[in-house]
Amino acid sequence: MSFRSYMDEALSMAREAGARGEVPVGAVVVSPSGDVVARDGNRTRELCDPTAHAEVLVLRAACAALGSDRLPGHDLYVTLEPCPMCAAAISFARIGRVYYGASDPKSGGVERGARVFSQPQCHHVPEVYDGISAEPAAALLRDFFKERR
């Protein structure tokens, strides 16, 4: 089976989030067979919910769709390095692989900051691939915050 990236779909979700006034982060959960199970972008403002990050929303939707609290073998594509909260949720969901775009030196929880997957308390460590479409993902964020400053 050849590799297919779903980051374009995550970027589309990020653009939609930005258009709604949310921080432009998008995520997609893909099944082991290559089917998109869930897709969404940040909705923290819309839902008045600080946990409504794109990653959490797609994990919730995928688990609900599959009737399970775990997603072994599933892939998560997200446009920004997951924060510590999202990294913990990814671990709890038993995601197989995480592909992310832009690094997050300020709030990242995977390669920077808390490094959740490196902690001995972490029960499941997914494979992590960074830098997938990093420049377009970073540009979305730069442009979004530039307009607000």
Side-chain angles (χ1 to χ4, degrees), residues 1-66 71 73-118 122 124-149:
M1 184 173 176
S2 63
F3 174 75
R4 175 183 173 211
S5 175
Y6 291 80
M7 192 58 80
D8 285 343
E9 196 153 352
L11 285 164
S12 177
M13 294 292 100
R15 285 189 284 277
E16 287 182 22
R20 292 190 305 270
E22 301 280 356
V23 174
V25 176
V28 177
V29 172
V30 180
S31 75
S33 63
D35 297 318
V36 173
V37 179
R39 62 177 68 82
D40 212 337
N42 278 355
R43 294 182 183 275
T44 58
R45 292 194 169 109
E46 175 186 340
L47 299 176
C48 300
D49 180 355
T51 69
H53 290 196
E55 300 95 307
V56 170
L57 294 173
V58 297
L59 291 175
R60 287 176 183 162
C63 286
L66 298 171
L71 301 167
H74 287 69
D75 296 340
L76 173 70
Y77 288 81
V78 60
T79 57
L80 181 65
E81 177 182 355
C83 73
M85 174 187 72
C86 292
I90 290 164
S91 176
F92 294 149
R94 306 298 196 263
I95 287 288
R97 284 169 297 282
V98 175
Y99 300 90
Y100 71 85
S103 295
D104 189 352
K106 181 180 174 191
S107 301
V110 176
E111 297 295 325
R112 283 135 198 88
R115 294 187 172 116
V116 171
F117 302 140
S118 300
C122 186
H124 169 76
V125 178
E127 295 174 32
V128 176
Y129 302 92
D130 64 347
I132 311 295
S133 300
E135 184 46 41
L140 277 173
L141 290 160
R142 273 193 310 271
D143 294 347
F144 177 82
F145 287 111
K146 187 178 187 181
E147 290 176 12
R148 280 148 183 77
R149 291 187 179 127

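For the numbers below, each heavy atom of this structure counts, side chains included, while hydrogens, waters and symmetry mates do not.
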Indicate the atoms forming the closest heavy-atom contact of [X] with [Y], along with that distance.
X      : Y      : answer
Ala102 : Ala137 : N-CB, 4.0 Å
Val36  : Glu9   : CG2-OE1, 3.7 Å
Glu111 : Tyr100 : CG-OH, 3.0 Å
Ala61  : Ala38  : CB-CB, 3.8 Å
Val116 : Cys122 : O-CB, 3.4 Å
Leu76  : Glu55  : CD2-CG, 4.2 Å

Indicate yes or no for a side-chain donor-acceptor contact from [X] to the backbone of [Y] under 3.5 Å, with no hydrogens or angles considered.
X     : Y     : value
Arg45 : Gly21 : yes
Glu22 : Glu46 : yes
Thr79 : Ala10 : no
Asn42 : Ala54 : yes
Tyr77 : Asp8  : no

Do the side chains of [Y] and [X] get nearer than 4.5 Å, heavy atoms only?
X     : Y     : answer
Ser31 : His74 : yes
Val25 : Val78 : yes
Asp75 : Tyr6  : no

Can Arg142 and Glu135 be counted as an ion pair, charged N to O under 4.0 angstrom?
-> yes
Measure the spacing between [atom1] of [X] and [atom2] of [Y] and express it to the nearest 0.5 Å.
X      : Y      : atom1 : atom2 : value
Arg15  : Leu140 : CZ    : CG    : 6.0 Å
Asp49  : Thr44  : CG    : OG1   : 8.0 Å
Asp143 : Arg148 : CG    : CZ    : 10.5 Å
Arg60  : Thr51  : CZ    : OG1   : 4.0 Å

Parallel, tilted or perpendicular for Tyr99 and Tyr129, by the 30°/60° rule?
-> parallel
Dump the intermediate steps for side-chain contact (heavy atoms from CB on, under 4.5 Å) on Val58 and Val28, then the final yes or no.
-> CA-CA 6 Å; Val58 297; Val28 177; over 6 Å; no
Working for side-chain contact (heavy atoms from CB on, under 4.5 Å), residues Arg112 and Asp104 = CA-CA 7 Å; Arg112 283 135 198 88; Asp104 189 352; 5.7 Å; no
Run the side-chain donor-acceptor check on residues 84-92: report pairs under 3.5 Å with partners two or more places apart or on a different chain.
{"residue": "Ser91", "atom": "OG", "partner": "His124", "partner atom": "N", "Å": "3.3"}
{"residue": "Ser91", "atom": "OG", "partner": "His124", "partner atom": "O", "Å": "2.8"}

Steps toward side-chain contact (heavy atoms from CB on, under 4.5 Å) verdict (Leu80, Leu141) | CA-CA 9 Å; Leu80 181 65; Leu141 290 160; 3.7 Å; yes
